[in-house]
Amino acid sequence: MRWSQTLIPTMKETPEGAEIPSHVLMLRAGMIHQLMAGAYTYLPLGYRALRKAEQIIRQEMDKAGAVEVHMPALTPIQLWEQTGRVEAFGDVLIKFDVRRQGKKVPMALGPTHEEIVTDLVKKFVSSYRQLPLTLYQIQTKFRNEERPRFGVLRTSEFLMKDAYSFDSTVEGLNANYDRMYAAYCTIFRRCGVDYLAVEAESGPIGGDASHEFMAIADNGEDSVLYDPKSGYAANQERAETGKRTVAKSTVEPKPLTKLHTPGVGSIEAVSKFLKCKPHQMLKTLIYTADDKPLAVLIRGDHEANENKIRRAVGAKKLALADAALVEAITGAPVGFAGPVGLKQPVPIWADDDVAGMANMIIGANEADQHYVGANLERDFQVEKFADLRNATAGDPSPRSDGKLELRHAIEIGHVFKLGTKYSEAMGAKFLDDKEQQHTIIMGCYGIGVNRILASLIETKSDANGVVWPMSIAPYEVIVSSVNAADAEVSAAADKLYGELQAAGVDTLYDDRDQRPGVKFKDADLIGIPLRVVVGGRGLKEGNLELKWRTKEAPEMIPLAGAAEAIAKLVAGERDRYR
RNA sequence: CGGGGCGUAGCUCAGCCUGGCUAGAGCGUCUGGUUUGGGACCAGAAGGUCGCAUGUUCGAAUCAUGUCGCCCCGACCA
């Protein structure tokens with residue numbers, strides 16, 4: 001493609017509002033243009049990169065035995081009502097009515113497609129002989145994000161590859177899951193993304209039923225705990241901690257004293273008011289576990305983990321108590337709960353770290369009152385200690401004697417054993433070889449295609465711009481003529497461009513009559529891996545200049561046979577991402 | 001949803017506090033010329049409902065109220 005014939009609106013300055021590298025550079029490199037909050041046009045360069053990522057995904061999905069379909073983005077609301085996800089999604093689901101022949105037809109734009117595929121499979125699959133089956137599509141999803149942000153990372157409209165596996169047995173599901181997991185590893189490697197496969201919350205199935213694929217990046221919205229020693233990695237929701245050996249405090253216990261703390265209920269407010277640190281404070285959270293009340297004690301600087309609590313107490317459902325229940329149990333408005341002097345006796349569970357605390361600051365179960373100097377056993381009893389909080393940096397690893405590190409990450413893929421959640425709700429069944437009817441067992445597997453691009457830019461760009469891997473780069477080679485007004489130069493550049501195209505190299509030909517500085521800056525900014533300069537300086541000696549985007553120094557090659565040599569270099573680089 | 005910030009030329013911004021002639025600069029664009037290896041130079045030109053509405057005023061980009069848009073931070077943390 002000739003630069004002069006396409007649309008690559010590069011920018012020297014950073015547009016107002018763009019802050020993180022991927023957003024800034026995608027705008028500056030002329031890859032995208034914002035239409036409104038959370039919706040971007042992909043311009044030629046951005047769209048080519050997106051399609052390269054798509055193509056890699058497609059190849060690997062096909063190799064893994066999945067078959068491509070294309071479902072509508074427009075969906076009837078009834079399907080979502082069948083599984084209760086109209087409520088579950090809430091405002092995130094984009095719903096609307098259209099009028100047809102005087103009647104209102106309610107619809108939604110698909111935020112994902114479990115209901116739609118399950119409906120499809122229900123209609124066409126009825127025998128174990130037709131299973132297993134894995135369907136996938138690469139398609140635009142719509143989610144009304146409360147707050148779209150970070151450029152292309154969180155948008156209301158995005159490209160997703162979503163695959164769904166259908167099996168007659170759990171073993172079949174496990175095999176499919178493993179196949180998808182392996183395919184994902186290949187996909188992200190081929191895209192040149194440094195990723196980590198982390199354990200994620202798996203919902204009703206438990207075990208190793210869910211993994212997220214994370215690109216480690218400072219601007220990522222997700223938090224991952226990682227133990228470099230054992231390779232253990234999990235998202236913050238899921239991460240276990242190793243056994244925390246908590247020594248009992250040897251500090252002299254102080255007397256329990258009530259203090260007036262008017263209007264300060266939160267940990268932050270109390271610590272400010274009493275000039276103490278959050279880790280000296282104790283949070284008392286009132287939950288309902290399967291509708292029975294429960295008090296949970298967590299050190300003030302820690303975060304409760306509801307999944308861990310739910311599993312620890314063996315409940316199916318866990319939710320924070322509402323204000324009325326909190327008041328009934330503690331006798332105080334929300335913000336002043338504590339384990340001493342609860343109005344109603346409820347089981348008290350505590351996180352392991354609470355065992356090492358002394359002279360704690362706790363709510364006094366009375367409005368605007370706190371206790372200081374609260375101590376275990378003397379002042380209150382704990383029924384059971386367990387790991388009930390989010391893991392955090394520095395916690396012991398559950399798999400080695402190392403420590404967990406906290407990293408920010410961008411979620412680029414997710415594999416999940418669904419089980420029968422949707423097939424059950426929608427009645428997708430099959431007959432086995434004994435003529436028995438069973439519910440189809442499902443898995444689902446997603447990849448955020450736009451996020452592959454964004455995470456590459458977040459992690460691989462430099463001060464001069466984007467640095468694409470050969471596999472995703474919108475063009476593999478950029479031919480820059482310097483100077484284009486010189487007939488001899490442009491003739492040589494034209495010829496090289498033609499030969500590279502003929503050799504199957506994706507080539508961008510910067511044929512603009514611009515000064516060299518402009519062309520070099522732009523070439524760096526848009527991140528094409530290999531730059532070829534055709535200029536008077538080299539031509540005199542019968543040479544061309546080659547420069548890799550990742551290298552400082554250029555090298556000269558003879559003009560004769562240049563296209564072949566370049567094609568060879570490109571092929572070699574392509575091989576690294578095969 | 002809560003809090004904060006910003007809307008002036010295609011882009012980045014000045015002007016606003018303290019209202020007053022034809023609203024400015026740089027970049028980009030267009031014309032002509034000189035240049036040509038890391039975002040050139042000279043001369044000229046085009047390009048603006050100052051986000052929108054209402055109000056105050058002799059007079060509003062500037063003050064007030066409302067509204068819309070965009071960006072950032074935080075969101076069951078007791």
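Basis for what follows: all heavy atoms, side chains included, without hydrogens, waters or symmetry-related copies.
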K.L.:
Considering every strand and a 4.0 Å limit on heavy-atom distances, what is the contact class for A:V326: base, sugar-phosphate, or nothing?
P.N.:
nothing

K.L.:
Using OP1 and OP2 only, check whether a side-chain N or O of A:R515 sits under 4.0 Å from B:G39.
P.N.:
no

K.L.:
Quote, to the nearest angstrom, the C1' distance that separates B:G38 from B:G2.
P.N.:
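To the nearest whole Å, 48 Å.
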
K.L.:
Measure the distance from CZ on A:F520 to P on B:U36 and round it to the nearest whole Å.
P.N.:
15 Å

K.L.:
Which base, if any, makes a Watson-Crick or G-U wobble pair with B:A46, both distances under 3.5 Å?
P.N.:
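None - no nucleotide pairs with B:A46, as no candidate has both distances under 3.5 Å.
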
K.L.:
Choosing from B:C72, B:G39, B:C71, which nucleotide comes nearest the side chain of A:D522?
P.N.:
B:G39

K.L.:
What is the distance, rounded to the nearest whole Å, between atom CG of A:N464 and atom C1' of B:G39?
P.N.:
11 Å

K.L.:
Using atom P of each nucleotide, how far apart are B:C41 and B:G15 to the nearest Å?
P.N.:
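Their P atoms lie roughly 26 Å apart.
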
K.L.:
Give one of base, sugar-phosphate or nothing for A:I286, where a contact means two heavy atoms less than 4.0 Å apart.
P.N.:
base

K.L.:
Strictly distance-based, threshold 3.5 Å: is any side-chain N or O of A:K95 a donor or acceptor partner for the main-chain N or O of A:G90?
P.N.:
yes

K.L.:
When all nucleic acid strands are considered with a 4.0 Å heavy-atom cut-off, which category describes A:A337: base, sugar-phosphate, or nothing?
P.N.:
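Here A:A337 touches the backbone only, sparing every base.
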
K.L.:
Does A:Q514 make a side-chain N or O approach to OP1 or OP2 of B:A40 shorter than 4.0 Å?
P.N.:
no

K.L.:
Could you please name the partner base of B:G19, counting Watson-Crick and G-U wobble pairs only when both distances are under 3.5 Å?
P.N.:
none

K.L.:
In whole angstrom, what separates A:E303's CD from B:A75's C1'?
P.N.:
12 Å

K.L.:
Check whether A:F158 forms a cation-pi arrangement with A:R143 (NZ or CZ under 6.0 Å from the six-membered ring centre, at most 45° off the ring normal).
P.N.:
no

K.L.:
Between A:R238 and A:E199, is there a salt bridge with N-O shorter than 4.0 Å?
P.N.:
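Judged by the 4.0 Å cut-off on N to carboxylate O distance, A:E199 and A:R238 do form a salt bridge.
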
K.L.:
Which of these nucleotides, B:G39, B:U35, B:C70, is closest to any side-chain atom of A:L525?
P.N.:
B:G39

K.L.:
To the closest 0.5 Å, what do you measure between CE (A:M26) and CD1 (A:I32)?
P.N.:
4.5 Å

K.L.:
Please measure how far the P atom in B:U31 lies from the corresponding atom in B:C52, and state the result in whole Å.
P.N.:
32 Å

K.L.:
Using 30° and 60° as the class limits, which term best fits the ring planes of A:H23 and A:Y40: parallel, tilted or perpendicular?
P.N.:
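A:H23 and A:Y40: perpendicular rings.
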
K.L.:
Please report the distance, rounded to the nearest Å, between CD in A:E146 and C1' in B:G74.
P.N.:
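To the nearest whole Å, that distance equals 13 Å.
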
K.L.:
Nearest 0.5 Å, what's the CD-CG distance between A:Q381 and A:L376?
P.N.:
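Taking CD in A:Q381 and CG in A:L376, the distance rounds to 8.5 Å.
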
K.L.:
Paired with B:C70 by Watson-Crick or G-U wobble geometry, both distances under 3.5 Å: which nucleotide is it?
P.N.:
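Per the H-bond distance test, B:G5.
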
K.L.:
Give a yes or no on whether a donor-acceptor pair under 3.5 Å exists between the nucleobase atoms of B:G28, that is its base, and the side chain of A:E13.
P.N.:
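Result: no qualifying N/O pair found.
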
K.L.:
With a 3.5 Å limit on both atom pairs, tell me what B:C27 is paired to, counting Watson-Crick and G-U wobble, or say none.
P.N.:
B:G10

K.L.:
Any donor-acceptor pair, under 3.5 Å, between the side chain of A:K12 and the base of B:C27, if you only look at N and O atoms?
P.N.:
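Counting by modelled atom types and ignoring angles, no donor-acceptor contact under 3.5 Å is found here.
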
K.L.:
Looking at every strand, decide which applies to A:G536 at a 4.0 Å heavy-atom threshold: base, sugar-phosphate, or nothing.
P.N.:
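The residue A:G536 makes no contact with any strand.
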
K.L.:
Both distances under 3.5 Å, Watson-Crick or G-U wobble: report the partner of B:A60, or none.
P.N.:
none

K.L.:
Taking the minimum atom-to-atom distance to the side chain of A:E19, which one of B:C6, B:C72, B:C70 wins?
P.N.:
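The listed nucleotide nearest to A:E19's side chain is B:C72.
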
K.L.:
Taking the C1' atom in each of B:G74 and B:U62, what is the distance between them to the nearest angstrom?
P.N.:
33 Å

K.L.:
State which residue, out of A:D395, A:N305, A:N307, fulfils the side-chain hydrogen bond (donor to acceptor under 3.5 Å, both in side chains) condition with A:N390.
P.N.:
A:N305

K.L.:
What distance, rounded to whole Å, do you find between the two P atoms, one in B:G5 and one in B:G44?
P.N.:
43 Å

K.L.:
Between B:A60 and B:A53, how far apart are the C1' atoms? Round to whole Å, please.
P.N.:
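Those two atoms are separated by 14 Å.
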
K.L.:
Rounded to whole angstroms, how far apart are CG on A:L285 and P on B:C76?
P.N.:
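Checked: the CG to P distance equals 12 Å.
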
K.L.:
Just call it for A:Y287: base, sugar-phosphate, or nothing, with non-hydrogen atoms closer than 4.0 Å on any strand.
P.N.:
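No contact.
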
K.L.:
Ignoring the backbone of A:R149, work out which of B:C71, B:C73, B:G39 is nearest its side chain.
P.N.:
B:C73

K.L.:
Could you tell me whether A:R28 contacts a base, only the sugar-phosphate backbone, or nothing, with contacts defined as non-hydrogen atoms closer than 4.0 Å?
P.N.:
base

K.L.:
Closest to the A:P15 side chain: B:C70, B:U12, B:U36?
P.N.:
B:U12

K.L.:
Partner of B:U65 by Watson-Crick or G-U wobble geometry, both contacts under 3.5 Å, or none?
P.N.:
B:A53

K.L.:
Starting from C1' on B:C11, measure out to CE on A:M26 and report it in whole angstrom.
P.N.:
19 Å

K.L.:
Regarding A:R531, tell me which of base, sugar-phosphate or nothing describes its non-hydrogen contacts under 4.0 Å with the strands shown.
P.N.:
base

K.L.:
In whole Å, I'd like the distance from the CD atom of A:E145 to the P atom of B:A75.
P.N.:
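After rounding, the gap between these two atoms is 16 Å.
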
K.L.:
Base, sugar-phosphate alone, or nothing: which one does A:D486 contact when heavy atoms must sit under 4.0 Å apart?
P.N.:
nothing

K.L.:
Measure from the side-chain heavy atoms of A:R147 and tell me the nearest of B:G38, B:C1, B:C11.
P.N.:
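From the listed options, B:C1 comes nearest.
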
K.L.:
Check every atom of B:C11, B:U29, B:C70 against the side chain of A:M11 and return the nucleotide holding the closest atom.
P.N.:
B:C11

K.L.:
Could you tell me how far apart A:L539 (CG) and B:U36 (C1') are, to the nearest whole angstrom?
P.N.:
14 Å

K.L.:
Within the structure shown, what part of the strands sits under 4.0 Å from A:T14 by heavy-atom distance: base, sugar-phosphate, or nothing?
P.N.:
sugar-phosphate

K.L.:
Which nucleotide, in any strand shown, forms a Watson-Crick or G-U wobble pair with B:C76, with both distances under 3.5 Å?
P.N.:
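B:C76 is paired with nothing.
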
K.L.:
Does B:C41 pair with anything, Watson-Crick or G-U wobble, both distances under 3.5 Å, and if so, with which nucleotide?
P.N.:
B:G33

K.L.:
Do A:R512 and A:W3 form a cation-pi contact, if we require the NZ or CZ to be under 6.0 Å from the six-membered ring centre and within 45 degrees of the ring's axis?
P.N.:
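Yes; both conditions hold, so A:R512 lies above the ring face of A:W3.
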
K.L.:
Which whole number of Å gives the distance between the P atom of B:C73 and that of B:G55?
P.N.:
39 Å

K.L.:
Do A:S223 and A:R407 come within less than 4.5 Å of each other through their side chains, counting heavy atoms only?
P.N.:
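Answer no - side chains too far apart.
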
K.L.:
Which whole number of Å gives the distance between the C1' atom of B:U8 and that of B:U12?
P.N.:
12 Å

K.L.:
Quick one: which of B:C73, B:C70, B:U36 gets closest to the side chain of A:A485?
P.N.:
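Ranking B:C73, B:C70, B:U36 by closest atom to the A:A485 side chain puts B:U36 first.
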
K.L.:
Between A:T10 and A:V334, which is nearer to the 5' end of RNA chain B once each is assigned its nearest nucleotide?
P.N.:
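Looking at the nearest nucleotide for each, A:T10 comes out on the 5' side.
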
